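Worksheet: one structure, shown below.
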Amino acid sequence: MIRKMEEKDISDVLQIWLETNIKAHSFIDKEYWTGNYEMVKQILPEAEVYVYEDEKNGQIAGFIGINDQYVEGLFVKETVQSNGIGKRLLDHAKRGKTELHLGVYQKNVRAVRFYLRENFLIQAEEIDEDTGEKEYIMRWGK
């Protein structure tokens, strides 16, 4: 089930954010993610966040954060990845939008492939000033 994030979900969402970032971005020092944890905790409620809640156990398995038309992040617990949860969250975000934009690290090949499969197109290549890593700026439109 996909629903809007509630205050009680924040710690679970942050745990998924931290664990998934560390695992998916092994090319970035773990301290970068742990160092940004508190800042993300502060700004997370400002975004439009939707969680995927497992109907069997009531646990949050993933989430997507959006600001206007920008996808701030899409995260799915490692143990349940490749089960369609990310696609469902992204499809939910696409509803009511005419376009979406996002940035994804080039070295995160799995995520790049996912977004290409979901009809996002690479618009530009940039360097993320915080990490020094190359990222693709991608766009989806109806």
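The figures that follow rest on heavy atoms only: side chains count, while hydrogens, waters and symmetry mates do not. One-based numbering along the sequence shown. Keep in mind it's a predicted model, so treat the numbers as computed, not measured.
With values rounded to the nearest 0.5 angstrom, Lys23 atom NZ is found 4.5 Å from Glu78 atom CD. Rounded to the nearest 0.5 Å, atoms CG (Asn36) and CG (Leu18) are 10.0 Å apart. To the nearest 0.5 Å, atom CD of residue Glu55 and atom CE of residue Met1 are 6.5 Å apart. Of the inter-residue distances, the one linking Leu100 atom CG with Trp140 atom CH2 reads 5.5 Å to the nearest 0.5 angstrom. Taking NZ of Lys41 as the reference point, atom CG of Leu14 lies at 7.0 Å (rounded to 0.5 Å). Note that CG of Asp68 and NE2 of His101 are 10.0 Å apart. Values are rounded to the nearest 0.5 Å.
You'll find the side chain of Leu44 stays beyond 4.5 Å of the side chain of Trp17, heavy atoms only. Contact check for Met5 versus Ile10: side-chain heavy atoms found under the 4.5 Å cut-off. Between Lys134 and Glu125 the shortest side-chain heavy-atom distance falls below 4.5 Å. At least one side-chain heavy atom of Val104 sits under 4.5 Å from a side-chain heavy atom of Met138. Using a 4.5 Å heavy-atom cutoff, the side chains of Lys87 and Glu118 are in contact. Looking only at side-chain heavy atoms (C-beta outward), Asp12 and Gln15 stay at 4.5 Å or farther from each other. Tyr115 is not listed as a side-chain neighbour of Tyr136, based on a closest heavy-atom distance of 4.5 Å or more. With contacts defined as side-chain heavy-atom distances shorter than 4.5 Å, the pair Phe114/Leu90 qualifies.
For Tyr70 (side chain) and Gly103 (main-chain N/O), a donor-acceptor pair under 3.5 Å exists by modelled atom type. Gln81 places a side-chain N or O within 3.5 Å of a backbone atom of Val76 that can act as its donor or acceptor partner.
Of all non-hydrogen atoms in Glu6 and Lys8, the two that sit nearest each other are OE1-CE, 2.9 Å. Residues Arg110 and Ser82 come closest through the heavy atom pair NH2-OG, 2.7 Å. Counting all heavy atoms, side chain and backbone alike, Ala61 lies closest to Ile16 at C-CD1, 4.1 Å.
Phe75 is connected to Val51 through a chain of hydrophobic side-chain contacts under 4.5 Å among Ile, Leu, Val, Met, Phe, Trp and Tyr, so both are in one cluster. Following chains of ILVMFWY side-chain contacts shorter than 4.5 Å, one can reach Leu116 starting from Leu89, so the two form part of one hydrophobic cluster. Val13 and Ile43 fall within a single hydrophobic cluster, where Ile, Leu, Val, Met, Phe, Trp and Tyr side chains are chained together by heavy-atom contacts under 4.5 Å. Cluster membership check: Phe120 shares its hydrophobic cluster with Ile64, using side-chain heavy-atom separations under 4.5 Å among Ile, Leu, Val, Met, Phe, Trp and Tyr. Cluster membership for Tyr52 and Leu74, using ILVMFWY side-chain heavy atoms within less than 4.5 angstrom, is shared.
In this structure, Asp54 does not pair ionically with Lys77, as no charged nitrogen and carboxylate oxygen lie closer than 4.0 Å. A salt bridge does not link Arg95 to Asp91: none of the charged side-chain nitrogens sits closer than 4.0 Å to a carboxylate oxygen.
Environment of CD in Glu99: crowded, with over 12 heavy atoms of neighbouring residues, nucleotides or ligands closer than 6.0 Å. Around CD of Glu31, the count of heavy atoms belonging to other residues, nucleotides or ligands within 6.0 Å exceeds 12.
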Evaluate the side chain to side chain contact (heavy atoms under 4.5 Å, CB included) criterion for residues Gln106 and Val112: first the C-alpha distance (whole Å), next the side-chain angles of each, then the deciding distance (0.1 Å), finally the verdict.
-> CA-CA 7 Å; Gln106 283 183 1; Val112 172; 5.6 Å; no
Full working for side chain to side chain contact (heavy atoms under 4.5 Å, CB included) between Asp9 and Phe63 = CA-CA 10 Å; Asp9 303 322; Phe63 72 95; over 6 Å; no
Verdict with supporting geometry, Glu48 and Tyr50, side chain to side chain donor-acceptor pair (under 3.5 Å) | CA-CA 7 Å; Glu48 187 180 338; Tyr50 297 96; 2.7 Å; yes
Going through the checks in order, is the side chain to side chain contact (heavy atoms under 4.5 Å, CB included) test met by Gln69 and Thr98?
-> CA-CA 8 Å; Gln69 296 177 324; Thr98 55; 3.8 Å; yes
Derivation and outcome, side chain to side chain contact (heavy atoms under 4.5 Å, CB included), residues Asn21 and Tyr32 = CA-CA 10 Å; Asn21 269 318; Tyr32 173 77; over 6 Å; no
